[in-house]
Structure formats: C-alpha cells, structure tokens
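First up is the structure itself, then whatever we jot down about it.
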Amino acid sequence: MAVNRIIVIVGCGPGARECLTAEALSAIEDAEVLVGSARLLSLFANLNTERVAVRGYREETILAIQQHRGRRIAVLVTGDPGLASLASAVIEHFGFSFWSRAAGHQFRADRLCEDWPQLEDARIISVHAVQPNLDFNALAAERKIAILTGNTESMRWIALLAHRLGNEWRIVVAED
C-alpha cells in the first residue's frame, strides 16, 4: 500500500499549543517533517520528528519543503492558514493537489468580550507583513475591525489607527 505523501498546512492560531484543534495536533503528530518558525517548532519539542526552522520568508519555506518532498510535511503557520499566511505561497508553488489544510484554533472575539461574540461581520485587516495603505476615515465607518498583527511595526500602525479613530472606539489587543 502506498503511503500518502502530502503537505499539510497547520494553522497554529496565536501560537499556543492549547489553542490547537485535535485535527491540527493529529496532522502534526503524523508528520515526518515539521517546517515552521523556531517559536512554533518549540511547541512540539516532545515529538521525535525532524524539524526545519524557517524565518517565515516565502522562498525559505518553499525551499525547505522542496528539500523534504516525498515525506509527510506539516507546515506550521500562525493564524488561520487560509488568511494572511505562508499557506498562499505553498499552495501557489505546489498546487492544491499536494496540500491539505488542518485548521488550528483561530482568534475568536468571544474570548475577549461578551458583546462582540463573532467576527463574521468584521472587517479583517492584515498588518502581519506590511502596513496596509487604507483610508482611516473609511475604516471609521466599519462596525468591527479585526487586525492580524505580527511585529512591532504593526503595533505602531494600530496605535496610529486608534489615534485617528478617536475615543468612540474600544480597542482590545490580544497576545497568544
């Protein structure tokens, strides 16, 4: 029987093991090779699995996957693998036939406050890699805004947005 060799994109949410779904954990445990940031790889130090640390650069991640092609690979990404992640680069390079998505537990606003139970009607903005060129006045018309961050510069952009939106907005910044 042939073993199915596949690239699995595993969304690790905010990067805390307790936030992962059973499906995501299973995909990680079944992998022969884990590819991801050193921080995400450290969550699975107890597994006897080959690890390849990458710094999140598209080219570096693609190269790491190519070097281990033919083995079961779990690519660990922060956040939701379908939104603002390295998953798009992996899919673009290897195609849909080579990957499967194992959803991790993504950020949920109901963990922050009871009066904001869903993100379904939120404007989702990624400032994970680059600061968006958005009209702050147009954002003020939104009812909810969820921002995906990833570095110090993204926090500066959020601070600028908060200043421009004014005191009528409540802002919650979450980590892990």
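Counting from 1, the numbers follow the sequence of the chain as shown.
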Rounded to the nearest 0.5 Å, what separates atom [atom1] in [X] from atom [atom2] in [Y]?
X	Y	atom1	atom2	result
Ile6	Arg71	CD1	CZ	16.0 Å
Ile28	Glu23	CD1	CD	11.0 Å
His68	Ile7	NE2	CD1	12.0 Å
Leu20	Leu25	CG	CG	5.0 Å
Leu134	Arg164	CG	CZ	12.0 Å

Evaluation steps, side chain to side chain contact (heavy atoms under 4.5 Å, CB included), between Phe44 and Leu34: CA-CA 9 Å; Phe44 308 101; Leu34 299 179; 4.1 Å; yes

Closest heavy-atom pair and its distance - [X], [Y]:
X	Y	answer
Val10	Ala27	CG2-CB, 4.1 Å
Leu43	Arg17	O-NH1, 2.8 Å
Arg51	Leu47	NH2-O, 2.8 Å
Ala140	Leu165	CA-CD2, 3.6 Å

Can any side-chain N or O of Glu32 pair as donor or acceptor with the backbone N or O of Arg72 at less than 3.5 Å? yes

Verify same cluster id: Trp157, Met155 (apolar side-chain graph, 4.5 Å):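 In one cluster with Trp157: Met155, yes.
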
Worked check of side chain to side chain contact (heavy atoms under 4.5 Å, CB included) between Trp169 and Ile145: CA-CA 10 Å; Trp169 280 78; Ile145 301 171; 3.7 Å; yes

